[in-house]
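For ligands, and for the atoms within them, numbers begin at 1 and follow the listed sequence.
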Amino acid sequence: MTELSYLADMPSAYERAFRARVVARPPGAVVLDRTFFYPTGGGQLCDLGTLRGPSGAVFPVVEVRKSGESVTHRLGRPTPSGAPQPLVGETVEGEIDWTRRHTHMRLHTGQHLLSAVLFELGGLKTRRAAMEGLGGTIDLEGPWPSSVPFGSVGPRLRTFLDPPREVRIVQVPRAEWESHPAPRSGAIPLPPHVDPVRVVEIDGIDRCPCGGTHVRSTAELGLFEPSEPQRQPGGFDRVVFRLSEAPAHSDRVTP
Ligand SMILES: [Zn+2]
């Protein structure tokens, strides 16, 4: 079993380096007792980076996947070449590719914000989201209503970027979450075993259960704009968005 250390709170999403113990070695990979590497899931791609073994050899982490209760880190060729993989029980030092991770955090918070605005203005929930590179797609539960000009989405979105809004991670007991159902922009039901519910709040607009990594302020999103909805086979609409390059300050973002 791997502790998902990036889930704990907002500062955990900004941890770029950590130590952990190897608990299993499936072929070409290691399982750690805890990890800050995000495994692919929920529309968000996995983190990449490196693991340094006790001998000093550095292994690129080329894929991170959830496998039951564990997280598998698949390793590439080490430097120096031929160095043996870390053994079960040994401590490794993980380092996350921050440029990639921070882009994923910006994308995921941007998706929540856009989903919330689409729900607010068009009354449509998001049934699927996917993010890659600097862009993402939001599949709505139906067609965008013809009575609502889609051009109103961008200006409404920008009111949450300037002035920036705080983004928070809160743990809410399941019973409390069920008894105060906030208007929900997500259409995916919570699995029955989830308790407490990890809720991502964007101040003043959205509360959404989520296991992803997020930025702590919409100031880190930069400007972004959705394109017109595209009708998909099945009759629902897809909204595509793309972030600007990383805001100038993102390299200075520190835990
Ligand atoms: Zn999410």
- Message: Assess whether a salt bridge exists between R127 and E141, defined as any Lys/Arg side-chain N lying under 4.0 Å from an Asp/Glu carboxylate O.
- Response: no
- Query: Using 4.0 Å as the upper bound for N to carboxylate O, is an ion pair formed by R19 and E93?
  - Reply: yes
- Query: Is the number of heavy atoms from other residues, nucleotides or ligands under 6.0 Å of L190 CG greater than 12?
  - Reply: yes
- So what does the H112 NE2 - the Zn ion (ligand 1) - H108 NE2 angle come to, to 10°? 100°
- Query: Is C208 close enough that one of its N/O/S atoms sits under 2.8 Å from the Zn ion (ligand 1)?
  - Reply: no
- Query: Can you tell me if C210 has an N, O or S atom under 2.8 Å away from the Zn ion (ligand 1)?
  - Reply: yes
- For residues H104 and R100, determine if any side-chain heavy atom of one lies less than 4.5 Å from a side-chain heavy atom of the other. yes
